[in-house]
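The figures that follow rest on heavy atoms only: side chains count, while hydrogens, waters and symmetry mates do not. On a predicted model such as this, the values are computed, not experimentally measured, just so you know. Every number for a ligand or one of its atoms is a count from 1 in the order of the listing.
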Amino acid sequence: MGRPVGATIVRDDSSTLDFDSLDEALAHGEQGRIAIRYAYGPDLLPPADEPVTSMWRYRDLLPLGDGPISYPLAIGGTPLLASPRLRKLLSAPNLWLKDETRTPTGSNKDRATALVVESALRAGSATVTCASTGNVAVSLAVGAAAAGLRTVIFVPADVADSKLTLMLLAGATVFKVREGYDAAFKLSRAAAREFGWYDRNTGVNPVTLDAKKTVALEIWEQLGRDVPDTVVCPVGDGPTLSAISKGFAEIVACGATKRLPRIIAVQAEGCQPLKRAWETGGPVQAVEPATIADGIAVGDPVSAGMVLRDVRNSGGAFVAVSDDELRRAMETLASQSGLLAEPAGASAFAGLAQALESGLITRDERVVALVTGTAMKNLGEARPSGAATTISADLDKVRELLGV
Ligand SMILES: *Cc1c(COP(=O)(O)O)cnc(C)c1O
């Protein structure tokens with residue numbers, strides 16, 4: 001089973017510190033993001049002749065001991081879609097969409113929640129906590145409820161109502177923090193320490209990175225055990241991208257391929273601290289987020305050093321997309337691919353569309369864009385170009401309006 005053999009801390013300036021045990025790294029965790037290492041080899045990868053139906057098929061690369069999985073919800077095995085109409089529209093015949101809306105609460109956060117809750121159950125914790133702008137909180141509230149754990153969640157006071165309602169529906173205890181997300185994050189961490197709760201906070205708990213890396217393992221398997229040329233990935237706090245990078249690096253470390261995909265990182269124009277740092281080569285300057293993509297509206301990302309390193313090592317690049325591009329991407333995904341994505345969920349595709357225009361990505365490349373969150377939870381910002389017409393129930397009127 002998955003046995004960590006050490007861990008590496010990646011600091012804000014992308015420098016690294018290696019430790020021989022995860023516990024040692026955790027003791028120095030305040031210095032940066034922790035990546036768990038395993039004794040890599042072909043035996044850690046699942047057999048090739050099985051369907052990709054669950055995240056737990058990668059458990060030899062997850063920090064779990066032996067014993068059955070107790071987490072009760074279905075997780076992982078999300079579709080990799082060819083989307084024929086979209087391929088035609090964009091003249092991009094090797095385009096794929098990884099549909100992470102197909103999870104218990106409709107966002108990629110559910111993978112991390114599954115492993116966090118499983119770890120909390122094994123540790124005998126009764127309460128888990130996190131701070132979140134929305135999707136993490138909904139995911140944890142629902143996943144913990146299903147497993148019978150209490151959840152205490154800290155959100156910024158301007159949290160989207162639709163997301164708050166879902167947390168409360170799942171029975172979570174929710175605190176709206178007036179000072180905003182960064183204060184909510186610190187409060188959640190302090191409460192975890194003070195009251196002995198299990199801490200799900202991303203950027204703190206290395207388990208979340210390992211859970212989210214399973215997206216990369218699934219993509220590799222779904223492409224017939226091959227890696228794409230390019231992966232397009234949204235970036236808020238950064239773990240989604242770093243996890244993708246870790247997943248592909250571990251496939252290489254296990255000896256299954258020699259190639260890493262190029263990673264294109266997508267930020268919102270109104271919140272692009274990492275893209276700016278990428279361009280200037282200087283330290284990350286925190287910004288005040290101004291974007292409809294709340295899932296990636298992180299002004300002071302915790303995983304900055306790791307993300308910049310991962311994009312650099314992959315030969316990748318950063319792009320930023322405007323709110324208009326995000327709205328257009330939502331509409332294109334819905335009308336061409338049958339995918340209902342929230343703004344952050346459509347951001348990688350918006351970045352891909354821009355990168356195809358600019359030539360950063362070529363039309364014949366094998367490229368995968370992550371679709372990370374569903375519109376069902378967060379429709380407020382959609383502005384469809386069409387509108388409904390109100391009529392009396394009269395077939396002649398329908399004929400007249402349609403001009404048939
Ligand atoms: C969290 C999230 C992301 C990416 O966030 P990271 O913090 O960079 O991991 C992208 N899309 C959606 C919908 C999200 O909820």
Notebook entry, point to check: D60 and Y38: side-chain donor and acceptor closer than 3.5 Å?
Noted result: no

Check: Is there any N or O on G236 that sits under 3.5 Å from an N or O of ligand 1?
Finding: yes

Check: Does E100 have a heavy atom less than 4.0 Å from any atom of ligand 1?
Finding: no

Notebook entry, point to check: Is the closest side-chain heavy-atom distance between I361 and V232 below 4.5 Å?
Noted result: yes

Next item on the list: Would you mind listing which atoms of ligand 1 come within a distance below 4.0 Å of any non-hydrogen atom of P234?
Entry: 10 (C)

Margin query: Heavy-atom contact check, 4.0 Å cutoff: does L241 meet ligand 1?
Written below: no

Notebook entry, point to check: Between the main-chain N or O of A82 and the side-chain N or O of R87, is there a donor-acceptor pair closer than 3.5 Å?
Noted result: yes

Note to self: Hydrogens and angles aside, do S245 and N313 bring a side-chain donor and acceptor to less than 3.5 Å of each other?
What the structure shows: no

Notebook entry, point to check: Just which atoms of ligand 1 are under 4.0 Å from any heavy atom in A344?
Noted result: 11 (N), 12 (C), 13 (C)

Check: Going by the order shown, which atoms of ligand 1 are within less than 4.0 Å of some heavy atom of T372?
Finding: 10 (C), 11 (N), 12 (C), 13 (C)

Margin query: For ligand 1, which is the ligand I care about here, please tell me if S107 has any N or O atom under 3.5 Å from one of the ligand's N or O atoms.
Written below: no

Notebook entry, point to check: Any nitrogen or oxygen of T240, main chain or side chain, under 3.5 Å from a nitrogen or oxygen of ligand 1?
Noted result: yes

Item checked: Donor-acceptor pair between E100 and T78 side chains, under 3.5 angstrom -> yes

Checklist line | Those atoms of ligand 1 less than 4.0 Å from some heavy atom in V235 | finding: 8 (O)

Next item on the list: Ignoring hydrogens and angles, state whether a donor on the side chain of S303 or D237 is under 3.5 Å from an acceptor on the partner side chain.
Entry: no

Check: Counting from 1, what ligand 1 atoms have a heavy atom of I296 closer than 4.0 Å?
Finding: 3 (C), 4 (C), 10 (C)

Notebook entry, point to check: With a 4.0 Å heavy-atom cut-off (strictly under), which part of N135 contacts ligand 1: side chain, backbone, both or neither?
Noted result: side chain

Next item on the list: Tell me yes or no: between the side chains of S15 and D13, is some donor less than 3.5 Å from an acceptor?
Entry: yes

Next item on the list: Heavy-atom contacts with G373 under 4.0 Å: which atoms of ligand 1 show up? List them by number with element.
Entry: 13 (C)

Checklist line | Note, D99 side chain near L339 side chain (heavy atom, < 4.5 Å) | finding: yes

Check: Taking distance alone, with no angle check, do D237 and ligand 1 share an N/O pair under 3.5 Å?
Finding: yes

Margin query: Is the shortest side-chain heavy-atom distance between Q354 and V266 below 4.5 Å?
Written below: no

Notebook entry, point to check: Under a 4.0 Å heavy-atom limit, does V298 contact ligand 1 with its side chain, its backbone, both, or neither?
Noted result: neither

Checklist line | Residues S91 and R363: side-chain donor-acceptor under 3.5 angstrom | finding: no

Next item on the list: Show which atoms of ligand 1 fall inside a sub-4.0 Å distance from at least one heavy-atom site of E342.
Entry: 13 (C)

Note to self: Closer than 4.0 Å to some heavy atom of K212 - which atoms of ligand 1 meet that?
What the structure shows: 9 (O)

